[in-house]
2 protein chains.
Amino acid sequence: MSQLNIYPHPKHYVAVDCAIFGYEEGELKILLYPRGFEPSLGKWSLMGGFVQDNESVEVAARRVLMQTTGLREIYLEQVAAFSEPDRDDGARVISIAFVALIPIHKHNKDMVRESGAVWWSVTKLPALIFDHTAMVQKALEGLQHKATNEIIGKELLPSKFTLMQLRNLYEAIFQKAFDPGNFRKKALSFNVLEKLNIKNTTESKKGAYYYKFSILNQQDNKSKFLENK
Amino acid sequence: MSQLNIYPHPKHYVAVDCAIFGYEEGELKILLYPRGFEPSLGKWSLMGGFVQDNESVEVAARRVLMQTTGLREIYLEQVAAFSEPDRDDGARVISIAFVALIPIHKHNKDMVRESGAVWWSVTKLPALIFDHTAMVQKALEGLQHKATNEIIGKELLPSKFTLMQLRNLYEAIFQKAFDPGNFRKKALSFNVLEKLNIKNTTESKKGAYYYKFSILNQQDNKSKFLENK
DNA sequence: CCAAAAGTGTTGCTTGTACACCCATGT
DNA sequence: ACATGGGTGTACAAGCAACACTTTTGG
């Protein structure tokens, strides 16, 4: 069926490009792949792939992510379609950009290393091919939007984490400081975090309790997590 | 160049589908086209079209809108890509959904009538083909999101309007009542509305001043227009 | 006069923000 | 002892929601 050409219109290559975000060492990072050939040798690109006949763009994105990180369960969200006719040097390719969030400590480092990919801090990105810089920009905005409306971290932090680590994640995402006391109170008011009886003593003398996202993570608080300044 | 087949991957039809919103008689409406043939005879669909070789999806959407409404300057925003392999009966088509806002009183009614299109209230939509119901749903969410973050109306209301008309538009978009006094104060606090020296006397005994969107419509107020309940 | 919308004012509550302040502890 | 983060409390301001109240005028 998908082979039929019943419409008198041109067909196009359709690709997916994934902005894969991870959080490590206090920095928000993104996974980039080096381009090993001309044109644009030395430039970096998002991980991408072409959409096949039997798959939706979401399925294609998951396939690409599985192939490169080894992770099957990944948070994935559409960003936008990028479709300028000349955006790709090689041919006309319409690409759907995605945001993917992965727990950076869980992914298969060997698979990533083999592919030549490198984690870059979002604060100092290299030159990217085609319109990938715009894709990253939009993906980051999407991530900020999600982080504004709910408490994120489940997809980026270890299964247990301190409130300081959560705050540092937010500071990395928004590139601004949050008041420790106020952040704590707001985060806890949502009743999605569960306090554990273990303390992390590596990051402070006193030690801070670990928290985890509760299994029933329904937000009690109906409002947004962050306001808009 | 766009004829090249340099990638060993399948190509796909790519379409655009536009959820065209208008506001009339106190109701938010959407423009639908009847399907005149089987399968799905009698069902309605969004206005759509196929993406050609030399155009981006945005350009394709504008072409479609121009062809059906006669309007060139239209607010347009991507919603999402819809790409389930079997979403279209005829062939595999990946479609990018758009929100379009048009001043319903300005569009070319003859062009619309010729095409058989009908304005439907969003509160009582008929059955739609394929996944168009989901597209409308997502488009409406996008419209609500935009209306939450800024004062919309420029694209949907006549050039001059009363604050009651603006409020009624918002009530139609969100399907809920807003307090007249509070709505007025919040709307005016953004300094994007300019009071005219003309009154509308058709909708109230006392008469209400007309307003227009000021040319420099920079929002003074940095916060969102509406809060989130 | 009455109804209905226009327009303004008031009040209480919630929430964000900017802090102060004590606690615990490794160095 | 002291610096550092952990954690709690407080005081002020801003913003929202509810609603009272006055104005205007057509019917």
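Convention: sequence-line order gives letters A, B, ...; per-chain numbering from 1.
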For nucleotides 18-27 of chain C, 5' to 3', base contacts (B), sugar-phosphate-only contacts (S) and non-contacts (-) with protein non-hydrogen atoms under 4.0 Å give BB---BBBS-
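Among residue pairs with one or both ends in residues 159-169 of chain A, those qualifying as salt bridge (charged side-chain N to carboxylate O under 4.0 Å, His left out) are Arg167(A)-Glu171(A); sequence neighbours excluded. Residue pairs meeting the salt bridge (charged side-chain N to carboxylate O under 4.0 Å, His left out) criterion with at least one partner in residues 116-125 of chain A, sequence neighbours excluded, are Glu27(A)-Lys124(A). Evaluation of the side chain to side chain donor-acceptor pair (under 3.5 Å) test over residues 60-70 of chain B, restricted to residues two or more places apart or in two chains, returns Glu55(B)-Arg63(B). Within the structure, the salt bridge (charged side-chain N to carboxylate O under 4.0 Å, His left out) test picks out the following pairs touching residues 130-141 of chain A (sequence neighbours left out): Arg87(A)-Asp131(A).
Taking only side-chain nitrogens and oxygens, Arg184(B) never comes nearer than 4.0 Å to OP1 or OP2 of dA6(C).
Atoms CD (Glu203(B)) and C1' (dT24(D)) sit 16 Å apart, rounded to a whole Å. Atom-to-atom, CG of Leu188(A) to C1' of dG16(C) comes out at 16 Å; the value is rounded to the nearest Å. Note: NZ (Lys186(B)) to C1' (dA14(D)) measures 11 Å, nearest angstrom. Remark: C1' of dT8(C) and CE of Met164(B) are 18 Å apart, rounded to the nearest angstrom. Between Arg167(B) atom CZ and dA5(C) atom P the separation is 9 Å, expressed in whole Å. Regarding Phe183(A), its CZ atom lies at a distance of 15 Å from the P atom of dT8(D), rounded to whole Å. At whole-Å resolution of the value, NZ in Lys195(B) and P in dG7(C) are 6 Å apart. In this structure, Phe225(B) places its CZ atom 14 Å from C1' of dG15(D), rounding to the nearest Å.
With Gln165(B) contributing its side chain and Thr162(B) its backbone, the two residues share a donor-acceptor pair below 3.5 Å.
Residues meeting the side-chain hydrogen bond (donor to acceptor under 3.5 Å, both in side chains) test with Asn108(B), sequence neighbours left out: none.
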